[in-house]
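Read the structure below first, then the notes.
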Amino acid sequence: MRMTCFAMVLAGTFAALTVSAPVAAQDAEVKAAQRMKGMDTDGDGAVSLAEFTDFRRGWTSKRPDGEMQMKPEVVQRAFCKIDRDGDGMLTHTEMLADTKASMKRK
């Protein structure tokens with residue numbers, strides 16, 4: 001069964017985490033911009049699931065047969081977690097929120 005991003009967001013609770021230090025906020029902004037630049041291959045200012053998947057394929061370790069070890073469902077869940085409004089596109093704002101959350105966990 002294929003679940004839409006909106007349904008996946010409704011099924012879980014995803015809270016935006018903030019980084020309090022000004023330097024960390026600047027670092028998050030830079031990292032989010034770099035992530036967007038690396039993923040947004042068509043230059044439309046947003047990242048589609050296909051662009052996200054292609055990006056993940058580029059840095060995810062591969063099996064000997066060249067296929068990604070990360071299952072497509074896992075990639076889609078990661079995408080949907082970042083896509084907070086469920087529109088199927090990742091914006092800079094969503095990428096920044098995810099980057100800040102990732103930095104907070106480290």
Side-chain angles (χ1 to χ4, degrees):
M1 178 175 92
R2 186 173 172 182
M3 190 180 265
T4 66
C5 288
F6 184 71
M8 292 178 102
V9 169
L10 288 178
T13 302
F14 301 108
L17 300 176
T18 59
V19 179
S20 58
V23 173
Q26 290 173 349
D27 290 345
E29 183 67 43
V30 169
K31 287 181 182 184
Q34 289 172 339
R35 290 172 71 194
M36 285 294 293
K37 184 177 178 182
M39 289 186 216
D40 182 19
T41 57
D42 65 6
D44 67 353
V47 176
S48 67
L49 177 59
E51 289 171 315
F52 185 78
T53 301
D54 287 345
F55 180 80
R56 297 292 284 245
R57 185 175 290 122
W59 61 263
T60 302
S61 59
K62 295 183 179 180
R63 300 186 318 221
D65 63 4
E67 289 297 313
M68 287 177 37
Q69 288 186 355
M70 188 178 288
K71 294 180 181 178
E73 310 86 62
V74 175
V75 174
Q76 184 174 6
R77 271 197 307 271
F79 179 87
C80 289
K81 182 179 177 184
I82 300 168
D83 183 23
R84 295 175 189 268
D85 64 6
D87 69 351
M89 300 296 283
L90 303 181
T91 63
H92 176 76
T93 301
E94 290 168 325
M95 195 69 70
L96 179 59
D98 181 66
T99 301
K100 286 179 179 180
S102 295
M103 291 173 71
K104 181 79 171 181
R105 287 189 298 266
K106 290 181 181 181

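Along the sequence shown, the residues carry numbers beginning at 1. This one's a predicted model, so the numbers in the text were calculated from it and none came from an experiment.
Taking hydrophobic clusters as Ile, Leu, Val, Met, Phe, Trp and Tyr residues chained together by side-chain heavy-atom distances below 4.5 Å, Val30 does not share a cluster with Met39.
None of Leu49, Leu90, Val47 except one satisfies the side chain to side chain contact (heavy atoms under 4.5 Å, CB included) rule with Asp83; the exception is Leu90.
The closest side-chain heavy-atom distance from Ile82 to Phe52 is below 4.5 Å. With contacts defined as side-chain heavy-atom distances shorter than 4.5 Å, the pair Gln76/Thr53 does not qualify. Contact of the Glu94 side chain with the Asp85 side chain is registered, since non-hydrogen atoms from C-beta on lie closer than 4.5 Å. A heavy-atom distance below 4.5 Å is not found between the side chains of Lys31 and Gln26. Two residues are said to be in side-chain contact when any heavy atoms from C-beta on lie closer than 4.5 Å; Asp42 and Glu51 meet this criterion.
In terms of heavy-atom proximity, Ala33 sits nearest to His92 at N-CE1, 4.0 Å. Met89 and Ala46 make their closest contact through CE-CB, 3.6 Å (heavy atoms, listed as atom of the first residue, atom of the second, distance). For the residue pair Met36 and Met95, the shortest heavy atom distance occurs at SD-CE, 3.7 Å.
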Report task. Go through the steps for Arg35 and Thr99 under the test side chain to side chain contact (heavy atoms under 4.5 Å, CB included), then give the verdict. Result -> CA-CA 9 Å; Arg35 290 172 71 194; Thr99 301; 2.8 Å; yes
Handout entry: Asp98 and Arg84: CA distance, side-chain angles, deciding distance, salt bridge (charged side-chain N to carboxylate O under 4.0 Å, His left out) verdict
Key = CA-CA 10 Å; Asp98 181 66; Arg84 295 175 189 268; 5.3 Å; no
